[in-house]
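See below for the structure under consideration.
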Amino acid sequence: MTDPKLLSPWIRRFLMEHIICERNLAPNTQRSYRDTLRLLLPFVASAVGKPIERLEILDLSSNQIRAFLLNLEVKRKCGMATRNQRLAGIHSLARFIGLHSPEHIQWCGELKDIPVKKAPRPLVTYLEKEEMDALLAAPDQTTAQGQRDEVVLLFLYNTGARADEVAHVQVGDLSLGRSPRYEGSSSLIHGKGNKQRRCPLWSRTAALLAEMVNGREPTEHVFLNCRGQPLTRFGIHTLVERHVATVVKSIPSVAKKRVSPHTIRHTTATHLLRAGVDINTIRAWLGHVSLSTTNIYAEVDLEMKAQALAHCEIKNAKVKKPWRENAGLMAFLQAL
């Protein structure tokens, strides 16, 4: 019979039963929890002087978890977001064990009391319209790779999709209207947490996609690399970085920005907001769960802030003499 104090069987159940079968978490979340444990278990085993397979639940004490989190920050140079993400995985494991093993409820509570750290929210980076236009024009249209890159960049900007979402778009996810106008075209996007949303496509985007996927099976990925394999999110990052390097030569302002596929996502949201699209529509467009997440774009757009300030500006106000020049008032005050 397996010793209920041992940690190993609980971790196997947590990874195989809980996060996959019971909660059906997204593959990226599953990998995040797995990677957290791959870092945590060797750290604790070294600290308590035991083999990993002989670690007990109570070996993951709150002091050990705090030491592990400090190690992430100091030695591994992880940011607050990464530190908090690792802690979230540990909290989830503690809840699972506490739920199925009542004798460990106190231990579970001690781990759940370890707080997340408040991290400063970085400013959202986005591209101005002329910068985005230059990026879309950067690929070399005389090559097959350049033609594919143009469609990837255009699809990123059109849909505001994440790199991972773009990488997983299949031919069957595209709903393309009839040529030449391709009106009513759209693409199904598979987002975080297995949520789906459908984004409309511009005629230009739909026409280029129709040419790219012509004759291909519905289960094939839309965007392929030079070997005919599905383009990964890392490949999309590299693609964007390659063309940003070209744009910097003609538009130096881009060099001051860290441009990634997610920057293009921010650009889409900001440009939609400037065009007068309401914030709730943008939330659905981007696949945000909470409207508060989308509201950051209303805060960062300097152009819209300047326009709002201009509406409030007081013009042609009469200049009044400062109170120091009112001799009567000064004499009154001195007499008090």
Side-chain angles (χ1 to χ4, degrees), residues 1-124 191-195 287-296 299:
M1 184 177 178
T2 305
D3 186 348
K5 295 180 181 180
L6 287 178
L7 183 62
S8 176
W10 287 106
I11 287 179
R12 295 177 190 276
R13 286 185 59 188
F14 172 70
L15 293 177
M16 302 306 297
E17 296 179 19
H18 182 61
I19 69 173
I20 296 178
C21 298
E22 294 179 355
R23 297 196 60 196
N24 192 30
L25 297 180
N28 284 343
T29 306
Q30 296 175 26
R31 286 190 284 269
S32 174
Y33 285 4
R34 176 205 63 192
D35 292 343
T36 296
L37 293 170
R38 289 174 64 182
L39 293 171
L40 174 64
L41 296 181
F43 178 87
V44 174
S46 175
V48 301
K50 290 183 180 180
I52 291 177
E53 292 295 332
R54 300 307 303 171
L55 285 176
E56 297 182 357
I57 293 174
L58 296 183
D59 288 329
L60 265 64
S61 65
S62 59
N63 288 336
Q64 289 294 348
I65 299 303
R66 285 187 169 88
F68 168 70
L69 296 173
L70 182 62
N71 180 73
L72 290 179
E73 296 178 48
V74 176
K75 292 190 176 181
R76 295 183 65 87
K77 307 297 182 183
C78 295
M80 289 299 103
T82 302
R83 182 257 189 204
N84 291 338
Q85 183 184 47
R86 300 302 185 202
L87 180 58
I90 295 169
H91 281 169
S92 184
L93 173 64
R95 281 193 300 269
F96 172 73
I97 295 176
L99 181 65
H100 294 84
S101 179
E103 60 268 31
H104 291 104
I105 289 179
Q106 181 179 349
W107 165 84
C108 171
E110 291 174 355
L111 262 60
K112 288 174 64 177
D113 283 342
I114 301 175
V116 297
K117 277 192 174 182
K118 187 175 181 180
R121 189 171 69 185
L123 290 175
V124 172
K192 285 184 175 180
N194 298 321
K195 296 181 179 67
H288 288 159
V289 175
S290 172
L291 189 61
S292 61
T293 307
T294 318
N295 280 332
I296 62 172
E299 300 173 7

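Within the structure, the ring-ring contact (aromatic ring centres under 6.0 Å, His included) test picks out the following pairs touching residues 6-50 (sequence neighbours left out): Phe14-His18, Phe14-Tyr33, Phe14-Phe96, His18-Phe96, Phe43-Phe68. For residues 12-24, the set of pairs meeting the salt bridge (charged side-chain N to carboxylate O under 4.0 Å, His left out) definition, not counting sequence neighbours, comprises Arg12-Glu53, Arg13-Glu17. Among residue pairs with one or both ends in residues 94-111, none qualify as salt bridge (charged side-chain N to carboxylate O under 4.0 Å, His left out); sequence neighbours excluded. Applying the salt bridge (charged side-chain N to carboxylate O under 4.0 Å, His left out) test to pairs two or more places apart or on separate chains, those with a residue in residues 77-91 are Glu73-Arg83. Applying the side chain to side chain donor-acceptor pair (under 3.5 Å) rule to pairs touching residues 55-64 yields Lys50-Asp59, sequence neighbours excluded.
Applying the side-chain contact (heavy atoms from CB on, under 4.5 Å) criterion to Asn28, with sequence neighbours excluded, gives Arg31, Asp164. Taking the side-chain hydrogen bond (donor to acceptor under 3.5 Å, both in side chains) definition, one finds that His288 meets it with Arg265, Thr294, sequence neighbours left out. Taking Lys112 as the reference, nothing meets the salt bridge (Lys or Arg N to Asp or Glu O under 4.0 Å) condition, with sequence neighbours excluded. Partners of Lys192 by side-chain contact (heavy atoms from CB on, under 4.5 Å), not counting sequence neighbours, listed by chain and number: Arg162. For Arg66, the side-chain hydrogen bond (donor to acceptor under 3.5 Å, both in side chains) criterion is met by no residue, not counting sequence neighbours. Under the side-chain hydrogen bond (donor to acceptor under 3.5 Å, both in side chains) criterion, Lys195 pairs with no residue, sequence neighbours left out. Under the side-chain contact (heavy atoms from CB on, under 4.5 Å) criterion, Ala45 pairs with Ile52, Leu55, sequence neighbours left out.
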Start with the C-alpha gap between Ile114 and Leu87, add the side-chain angles, then the distance that decides, and say whether side chain to side chain contact (heavy atoms under 4.5 Å, CB included) holds.
CA-CA 8 Å; Ile114 301 175; Leu87 180 58; 4.1 Å; yes

Could you walk me through whether Leu99 and Ile105 pass side chain to side chain contact (heavy atoms under 4.5 Å, CB included), step by step?
CA-CA 8 Å; Leu99 181 65; Ile105 289 179; over 6 Å; no

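Side-chain contact between Lys5 and Leu58: absent, with no pair of heavy atoms (C-beta onward) separated by less than 4.5 Å. Put simply, the side chain of Gln85 reaches to within 4.5 Å of the side chain of Ser32, judged on heavy atoms. Between Ile20 and Asn24, the closest side-chain pair of non-hydrogen atoms is not below 4.5 Å. Contact check for Leu40 versus Leu60: side-chain heavy atoms found under the 4.5 Å cut-off. You'll find the side chain of Leu37 reaches within 4.5 Å of the side chain of Leu93, heavy atoms only.
Separating the CG atom in Leu7 from the CZ atom in Arg54 is a distance of 11.5 Å, to the nearest 0.5 Å. Atom-to-atom distance recorded for Ile19:CD1 and Gln30:CD is 5.0 Å, nearest 0.5 angstrom.
Heavy atoms only, all atoms of each residue included: Asn84 and Lys117 are closest at ND2-O, 2.7 Å. In terms of heavy-atom proximity, Cys108 sits nearest to Gly98 at CB-CA, 4.2 Å.
The closest donor-acceptor contact from the side chain of His104 to the backbone of Ile57 lies at 3.5 Å or more, if one exists at all.
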